[in-house]
Amino acid sequence: LIEDVHRIARLLDVNTWMDYKGKGANVHLASSYLARWLEESCGRGARNKRLPGWVMVLPQEQQREVLKAAWLGDGTLNKATPGWLSYTSISRTLATQMRSLLLRQGIYGAISSHVPRQPEKQVAYTIVVQRAESFNKLAHILGFQERKEPSWQFKDTHIDGDYLVSGLRSVKVERFTGDVYDLQVP
């Protein structure tokens with residue numbers, strides 16, 4: 001991924017330099033024009049990250065490339081718990097968009113939030129792809145060799161044609177004042 005960024009930067013005639021921190025690396029690009037475009041298109045700061053609208057309507061083949069790049073940056077193949085692929089972001093919008101891209105590929109990913117114990121940390125949103133069929137599809141897209149055999153897990157959630165069918169875990173009643181919309185897709 002780092003080499004891809006360097007290659008694209010050279011094509012755009014943009015200077016780059018590296019900064020290594022712990023297990024990660026930052027690639028810096030010296031272009032105020034590119035910085036403005038990225039901020040306008042993708043948000044400012046990690047909490048406000050988002051995919052541009054045009055990414056959400058790309059053909060599935062191109063969206064697979066977006067998934068690959070995102071997983072290389074913020075994704076994990078969990079070695080401690082084999083058969084788990086996860087993606088984490090502190091941007092709720094980005095996590096929701098990534099889940100939508102997965103669904104377009106016929107991949108189910110459960111999304112959850114993790115509230116940190118330290119007050120200076122932010123809530124993180126994690127997508128876990130665990131079901132065998134979904135895990136195998138995503139592993140194939142990402143070029144991983146790992147495969148998972150079907151199991152009993154998550155029988156109440158499945159993809160049926162163009163629809164994600166998921167059972168309810170709980171129902172919560174809250175007071176609400178305002179408009180309520182019922183959006184349905186035929």
Side-chain angles (χ1 to χ4, degrees), residues 1-82 84-105 107 109-130 134-146:
L1 183 60
I2 291 171
E3 284 306 315
D4 288 342
V5 172
H6 282 298
R7 183 178 49 78
I8 292 167
R10 282 192 299 275
L11 290 172
L12 297 172
D13 198 27
V14 172
N15 292 326
T16 63
W17 69 94
M18 296 291 301
D19 178 14
Y20 295 94
K21 292 183 180 179
K23 294 181 182 179
N26 292 320
V27 179
H28 298 272
L29 306 171
S31 170
S32 58
Y33 173 76
L34 185 57
R36 277 192 303 276
W37 180 80
L38 285 170
E39 185 176 310
E40 290 169 8
S41 302
C42 304
R44 180 182 179 97
R47 184 180 183 92
N48 300 309
K49 275 188 198 175
R50 66 181 181 278
L51 295 172
W54 54 267
V55 170
M56 302 308 293
V57 295
L58 286 172
Q60 287 184 355
E61 182 178 312
Q62 292 174 343
Q63 287 182 342
R64 284 192 285 274
E65 297 301 317
V66 173
L67 287 169
K68 276 194 240 181
W71 237 270
L72 283 171
D74 293 321
T76 304
L77 171 61
N78 193 328
K79 300 288 185 182
T81 311
W84 281 48
L85 286 163
S86 63
Y87 174 86
T88 301
S89 175
I90 62 169
S91 168
R92 183 178 186 164
T93 299
L94 182 59
T96 303
Q97 288 176 311
M98 292 300 294
R99 184 174 184 216
S100 294
L101 292 183
L102 289 169
L103 286 170
R104 285 212 58 215
Q105 303 297 322
I107 298 169
I111 193 167
S112 61
S113 60
H114 307 280
V115 178
R117 292 187 180 139
Q118 305 90 342
E120 70 277 4
K121 301 263 184 174
Q122 299 188 46
V123 174
Y125 301 92
T126 300
I127 302 167
V128 176
V129 177
Q130 187 178 14
S134 292
F135 178 92
N136 293 339
K137 283 181 183 181
L138 183 57
H140 176 74
I141 288 170
L142 300 176
F144 294 156
Q145 298 302 314
E146 288 80 0

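The shown structure was predicted, so the numbers you read here are calculated from the model rather than taken from an experiment.
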| request: Please round to the nearest 0.5 Å and tell me the distance separating atom CG of L101 and atom CE of M56. | output: 4.5 Å
| M18 versus V27: any side-chain heavy-atom pair under 4.5 Å? | yes
| task | Could you tell me whether a side-chain N or O of S100 sits under 3.5 Å from a main-chain N or O of T96, the two making a donor and an acceptor? | result | yes
| field | From Q97 atom CD to I127 atom CD1, the distance as rounded to the nearest 0.5 Å | value | 10.0 Å
| task | Indicate yes or no: at least one non-hydrogen side-chain atom of M98 is less than 4.5 angstrom from one of L51. | result | yes
| request: Indicate the atoms forming the closest heavy-atom contact of L85 with A139, along with that distance. | output: CD1-N, 3.9 Å
| task | Would you name the heavy atoms of Q130 and F135 that are closest together and state the gap between them? | result | O-CB, 4.2 Å
| message | So, taking the atom named CD in E61 and the one named CD in Q105, what distance separates them when rounded to the nearest 0.5 Å? | response | 10.0 Å
| field | Heavy-atom closest pair, residues A95 and I111 | value | CB-CD1, 3.6 Å
| query | What class does the angle between the rings of Y87 and W71 fall in, given that below 30° is parallel, 30 to 60° is tilted and above 60° is perpendicular? | reply | tilted
| field | Distance (rounded to the nearest 0.5 Å) between R7 CZ and T16 OG1 | value | 13.0 Å
| request: Quick one: do K68 and E65 satisfy salt bridge (charged side-chain N to carboxylate O under 4.0 Å, His left out)? Show the steps, please. | output: CA-CA 5 Å; K68 276 194 240 181; E65 297 301 317; 3.0 Å; yes
| message | To the closest 0.5 Å, what do you measure between CG (N15) and CG (D13)? | response | 7.5 Å
| query | What distance do T93 atom OG1 and R47 atom CZ have between them, rounded to the nearest 0.5 Å? | reply | 10.0 Å
| said: For the backbone of Y125 and the side chain of R92, can you confirm whether one donor and one acceptor N or O come within less than 3.5 Å of each other? | reply: no
| request: Check whether more than 12 heavy atoms from other residues, nucleotides or ligands sit under 6.0 Å from atom NE2 of H114, and answer yes or no. | output: yes
| request: Could you pull out the closest heavy-atom pair between A9 and L29, with the gap in Å? | output: CB-CD2, 3.9 Å
| field | Nearest heavy atoms of S89 and S91, plus distance in Å | value | OG-N, 2.9 Å
| request: List the atom of S41, the atom of R50, and the distance in Å for their closest heavy-atom pair. | output: O-NE, 3.7 Å
| Side chain Q63, main chain V55, donor-acceptor under 3.5 Å | yes
| said: Quick one about T126 and T88 (side-chain donor to acceptor, distance below 3.5 Å, no hydrogens or angles considered), yes or no? | reply: yes
